[in-house]
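Inspection log for the structure reproduced underneath, given as structure tokens.
All values below come from the heavy atoms of this structure, side chains included, with hydrogens, waters and symmetry mates left out.
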Amino acid sequence: MKFAKSTMALAVILIVAFAGMADAARNLKEGRSLTAHEYPNKYTAYLKGKNQLPTPVMTKTWGSTAFEWNATNALVTIQVAQGVDIWGAHIHNGTSTSNGPVVLTLFSFTDPVNGGLQFFSGSFSTTVMIDLMAYPGLIEMLTSESAYVNVHSMMNMGGEIRAQLMGTPPMMEPGMMSPGMESPSMEMGGGGMESPSMESPSMEMGGMGKSPDMAMGGMGGMA
């Protein structure tokens with residue numbers, strides 16, 4: 001099947017990325033600062049192809065995830081760099097030596113008409129807010145080191161890069177941003193708005209030639 005690049009995809013992804021920060025913006029408007037004391041717990045993951053099971057993946061793609069939470073909600077930031085045909089990312093229930101089911105969808109690109117997968121190449125980051133009441137047991141998975149992040153590509157549908165969420169900072173690649181560090185902003189025309197969640201303007205989208213839908217913070221996905 002021949003895939004065409006979507007000329008509207010970059011704008012759509014920027015707009016949807018802001019949606020993941022809507023609750024955070026409301027908190028700020030109401031005077032509730034999203035500072036470290038409000039999210040005192042933080043687990044991180046450095047995503048690499050060699051962590052894939054049962055067979056490590058040889059890839060230049062890498063990434064990071066920061067999972068910060070308090071008693072009621074969580075902020076999850078995921079960054080992917082040098083991605084090739086990336087279509088989704090999830091948190092799974094499983095140890096570093098096992099595969100497990102999807103618990104939480106961090107992002108997933110689909111065609112708005114027929115629901116088929118779409119994908120991007122390049123660098124991308126987004127932050128989503130999670131209501132922990134909707135995901136009972138998720139924090140217990142984290143603290144028992146039974147939650148891992150898996151990023152999927154068209155070449156490696158079962159997973160391109162992966163890592164366990166841990167309570168200690170991961171080792172970083174030279175020049176890599178620390179999870180939770182603000183990405184270089186990109187201005188959008190018309191409103192003077194800047195995107196804190198888009199790492200690079202060079203991201204290319206592929207798929208069915210339609211503007212993709214991006215699902216964040218939901219259930220389901222591929223193991």
Check: Phe107 ring centroid to Trp87 ring centroid under 6.0 Å: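 They do not qualify: ring centres at least 6.0 Å apart.
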In this structure, is the centre-to-centre distance between the rings of Phe120 and Phe109 below 6.0 Å?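 For Phe109 and Phe120, the ring centres are under 6.0 Å apart.
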Closest approach of [X] to [Y] (non-hydrogen atoms, all atoms of both residues):
{"X": "Val57", "Y": "Gly159", "result": "CG2-O, 3.7 Å"}
{"X": "Glu68", "Y": "Tyr39", "result": "O-CD2, 3.8 Å"}
{"X": "Ala89", "Y": "Val151", "result": "CB-CG2, 3.9 Å"}
{"X": "Thr72", "Y": "Asp131", "result": "O-OD1, 3.6 Å"}
{"X": "Asn150", "Y": "Gly158", "result": "ND2-O, 2.9 Å"}
{"X": "Thr77", "Y": "Thr127", "result": "OG1-OG1, 2.8 Å"}

Expected output: side-chain [X] to main-chain [Y] donor-acceptor under 3.5 Å:
{"X": "Asn73", "Y": "Ile130", "value": "no"}
{"X": "Thr61", "Y": "Gln82", "value": "yes"}
{"X": "Ser144", "Y": "Glu140", "value": "yes"}

What's the separation between atom [atom1] in [X] and atom [atom2] in [Y], rounded to the nearest 0.5 Å?
{"X": "Gln164", "Y": "Leu47", "atom1": "CD", "atom2": "CG", "value": "11.0 Å"}
{"X": "Ile91", "Y": "Leu142", "atom1": "CD1", "atom2": "CG", "value": "6.5 Å"}
{"X": "Leu53", "Y": "Lys50", "atom1": "CG", "atom2": "NZ", "value": "13.0 Å"}
{"X": "Glu38", "Y": "Leu75", "atom1": "CD", "atom2": "CG", "value": "9.5 Å"}
{"X": "Phe124", "Y": "Gln79", "atom1": "CZ", "atom2": "CD", "value": "10.5 Å"}

Evaluate Leu106 against Val149 for side-chain contact (heavy atoms from CB on, under 4.5 Å), listing each step before the verdict. CA-CA 9 Å; Leu106 299 178; Val149 178; 4.1 Å; yes
Decide whether Leu104 and Leu132 are clustered together by the hydrophobic rule: side chain heavy atoms of Ile, Leu, Val, Met, Phe, Trp, Tyr closer than 4.5 Å, transitively.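 Yes, same cluster.
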Heavy atoms, side chains only, cut-off 4.5 Å: are [X] and [Y] in contact?
{"X": "Asn99", "Y": "Pro54", "result": "yes"}
{"X": "Ile139", "Y": "Trp69", "result": "yes"}
{"X": "Val103", "Y": "Met141", "result": "yes"}
{"X": "Ser146", "Y": "Asn93", "result": "yes"}

side-chain contact (heavy atoms from CB on, under 4.5 Å) evaluation trace for His152 with His90: CA-CA 8 Å; His152 305 270; His90 312 94; 3.0 Å; yes
Please determine whether side-chain contact (heavy atoms from CB on, under 4.5 Å) holds for the pair Phe67 and Lys42, giving the CA-CA distance in whole Å, both sets of side-chain angles, and the decisive distance to 0.1 Å. CA-CA 6 Å; Phe67 190 111; Lys42 183 175 182 178; over 6 Å; no
Would you check if there is a donor-acceptor pair between the side chains of [Y] and [X] at a distance under 3.5 Å?
{"X": "Glu160", "Y": "Thr59", "answer": "yes"}
{"X": "Ser108", "Y": "Thr105", "answer": "no"}
{"X": "Ser121", "Y": "Asp85", "answer": "yes"}
{"X": "Asn51", "Y": "Tyr148", "answer": "no"}

Before giving the answer on side-chain contact (heavy atoms from CB on, under 4.5 Å), spell out for Lys48 and Tyr46 the whole-Å C-alpha distance, their side-chain angles and the decisive distance to 0.1 Å. CA-CA 7 Å; Lys48 297 177 285 186; Tyr46 173 34; 3.5 Å; yes
